[in-house]
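Single-structure report; data block below.
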Amino acid sequence: MEIKKLIDLGWQALDDSIIYYYDRPVGTVAAQDSSTDPLNYDQCFIRDFIPCGIAFLIKGQTEIVKNFLTHTLKLQIKERQLDFLEPGRGIMPASFKVIHNKQGEQYLKADFGNDAIGRVTPVDSCLWWVFLLRAYVECTEEYSFAHSPEVQKCIRLIMELCLSARFDMFPTLLVPDGSCMIDRRMGLNGHPLEIQVLFYTALKVAEELLLDNQENDRIIQAVHNRLNPLTIHIRQHYWLDLDRINTIYRYKGEEYGEEAPNQFNIYSDSIPYAQLSEWLPEDGGYLAGNLGPSQLDCRFFSVGNLVAILSSLTENWQSQAIMNTIEQKWDDLVGYMPMKICFPAIKDRDWQIMTGCDPKNRPWSYHNGGNWPVLLWLLVACAQKTDRINISKKAIEIAMKRLLKDEWAEYYDGKNGRLVGKEARKYQTWTISGFLVAQELMNNPEYLQWISFAQKK
Ligand code: GLC
């Protein structure tokens, strides 16, 4: 297949996925697959729209991105609920759709997890929203939009929600299971990496875009106060490489007080040493999936690790080590379709307990070790940022062979990602836009500056 044709078909399919609200483009459906019950795949998901929004920005179609930001901003919960039964102020929905009523009027109906399968909480939505806002401003230089009272209030509410008083001592965010891309039970409750990395990115954007005025004063202070401890906490305590796993191997337990080296009371028996010490490359490393009392989840989660590189949450040497891991463990982490959402899969009794026997998340399927082509844009962006062009080239080549043939499948199954996902949708919009963004980034690495952050001096 000629690359140009593939790209043209991709843009066409992306165009076909656009949702209109009073004749104006506001978002994209999650998938256009008429062969199965759409469930909520006919809605616009905030997280799914991110690579689409970036693709539209690259194409110069900035209007749809601005409309998306403006309308989702209106859906944000702004009032404090007296019965405390509604979702909290600042939260953004997981998805929305346009409803046409009998009077010929249209309105947007949002799902804050009230209808979603498993009633999961979309914590990541408001954080991704801020990420896209920043990309929009970097692309258009329309600072007046970011500085408008509505957008300033929106950022403030998101920050207030993230920075409010809580039952926790960590600088990270405490969230329920299924609150991010993996929106089903998968043992991600507590302090999952993906949410922490998006939180960090949102704090950086708030620092950049909040106007220095009296109204923002307290929030800006709180943002500054949180950034440093959060950075240190993730860089030190989530980091896994051979030195770290050696240290953890010899940890003593039951330590009390400020000076304790084993602050989280991690028992080395809980770490899968047999696999990990063999698997981890000499010059590799990555951020662990979750951290809590006597818990260090050693699974490799792609979104968290990749966005950490983009946002410069990891130091340069750590970003290089993550890319080394991906390069040297290619068959495990990339295989036949870039790339695995997480590795390894959880099995047997772990699968039963952690997923609640979820058949969709069987080992090496869907969220439990499946391969998700949407991740291509993040992988390529990170490869560009860390100057590892060979990785981007190789990843795009692999993806190109199958994307069209498999009709832009949502995900792939199997240890090496060779099977089209058992219940994967076809014409999955973020698969399409993920490829287009990756392809554009290869040709014009300057787009990287819209989605990445420089290392702090
Ligand atoms: C699945 C994914 C979720 C995505 C949704 C729509 O539920 O896990 O991340 O937003 O599909 O594509």
Side-chain angles (χ1 to χ4, degrees), residues 13-14 17-19 27-33 36-55 68 72 92-97 110-129 131-132 175-188 192-195 197-198 289 301-304 306-307 339-342 345 354-356 358-362 364-378 407-413 420-435:
L14 180 60
S17 74
I18 294 178
I19 295 179
T28 47
V29 291
Q32 307 169 72
D33 186 344
T36 48
D37 177 356
L39 296 171
N40 50 357
Y41 281 81
D42 58 355
Q43 304 204 13
C44 177
F45 280 75
I46 306 273
R47 73 173 76 82
D48 293 41
F49 187 75
I50 305 308
C52 304
I54 297 163
F68 170 88
T72 43
M92 291 233 167
S95 63
F96 67 87
K97 65 174 168 187
D111 182 356
F112 289 91
N114 36 298
D115 290 335
I117 295 166
R119 304 293 183 259
V120 281
T121 316
V123 178
D124 64 342
S125 289
C126 60
L127 307 173
W128 275 122
W129 186 93
F131 181 95
L132 187 63
V175 298
D177 211 339
S179 62
C180 52
M181 177 175 173
I182 296 181
D183 54 356
R184 295 164 90 91
R185 211 177 129 194
M186 262 283 286
L188 300 191
L193 179 68
E194 181 172 329
I195 291 291
V197 172
L198 290 171
F301 286 89
S302 296
V303 177
L306 296 174
V307 179
M339 70 180 280
K340 283 241 176 285
I341 192 166
C342 71
M354 279 204 219
T355 73
D358 184 349
K360 212 171 164 182
N361 274 340
R362 279 195 198 287
W364 308 113
S365 184
Y366 198 47
H367 297 141
N368 188 10
N371 294 46
W372 288 66
V374 58
L375 299 173
L376 186 65
W377 76 276
L378 286 173
E407 298 172 287
W408 310 100
E410 178 187 14
Y411 67 94
Y412 288 78
D413 284 353
V420 174
K422 207 178 201 39
E423 291 178 47
R425 308 278 154 157
K426 299 292 175 71
Y427 285 87
Q428 180 78 19
T429 308
W430 67 358
T431 297
I432 302 166
S433 58
F435 167 72

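Both counts, for ligands and for their atoms, begin at 1 and track the order of listing. Positions are given from 1 along the sequence.
Residue contacts with ligand 1 include Gln428, since one or more of its heavy atoms lies under 4.0 Å from the ligand. Using a 4.0 Å cutoff on heavy atoms, Arg184 does not count as a contact of ligand 1.
With a heavy-atom cut-off of 4.0 Å, Phe49 does not touch ligand 1 at all.
With salt bridges taken as basic N to acidic carboxylate O contacts below 4.0 Å, one links Asp358 and Arg184. Under 4.0 Å is where a charged nitrogen must lie from a carboxylate oxygen, and between Lys422 and Asp413 no such pair does.
A heavy-atom distance below 4.5 Å is not found between the side chains of Trp408 and Gln32. Counting heavy atoms from C-beta outward, Asp33 and Glu410 have side chains that stay 4.5 Å or more apart.
On a distance-only criterion, Arg47 and ligand 1 share at least one N/O pair closer than 3.5 Å.
Partner of Phe49 under the ring pair (Phe, Tyr, Trp, His ring centres under 6.0 Å) criterion, chosen from Phe68, Phe131, Phe96: Phe68.
The protein heavy atom nearest to atom 7 (O) of ligand 1 is Asp183 OD2, 2.8 Å. For atom 8 (O) of ligand 1, the closest non-hydrogen atom on the protein side is His367 NE2, 2.6 Å. Protein heavy atom nearest atom 11 (O) of ligand 1, with residue, atom name and distance: Tyr41 OH, 3.5 Å. Looking only at protein heavy atoms, the nearest one to atom 4 (C) of ligand 1 is Asp48 OD1, 3.4 Å. Among protein heavy atoms, the minimum distance from atom 9 (O) of ligand 1 is reached at Met181 O, 2.7 Å. Considering only non-hydrogen protein atoms, atom 1 (C) of ligand 1 sits nearest to Tyr366 OH, 3.3 Å.
Remark: side-chain polar atoms of Asp177 are paired, donor with acceptor, to backbone N or O of Gly187 under 3.5 angstrom.
The aromatic rings of Trp372 and Tyr366 sit tilted relative to each other, their planes meeting at an angle between 30° and 60°.
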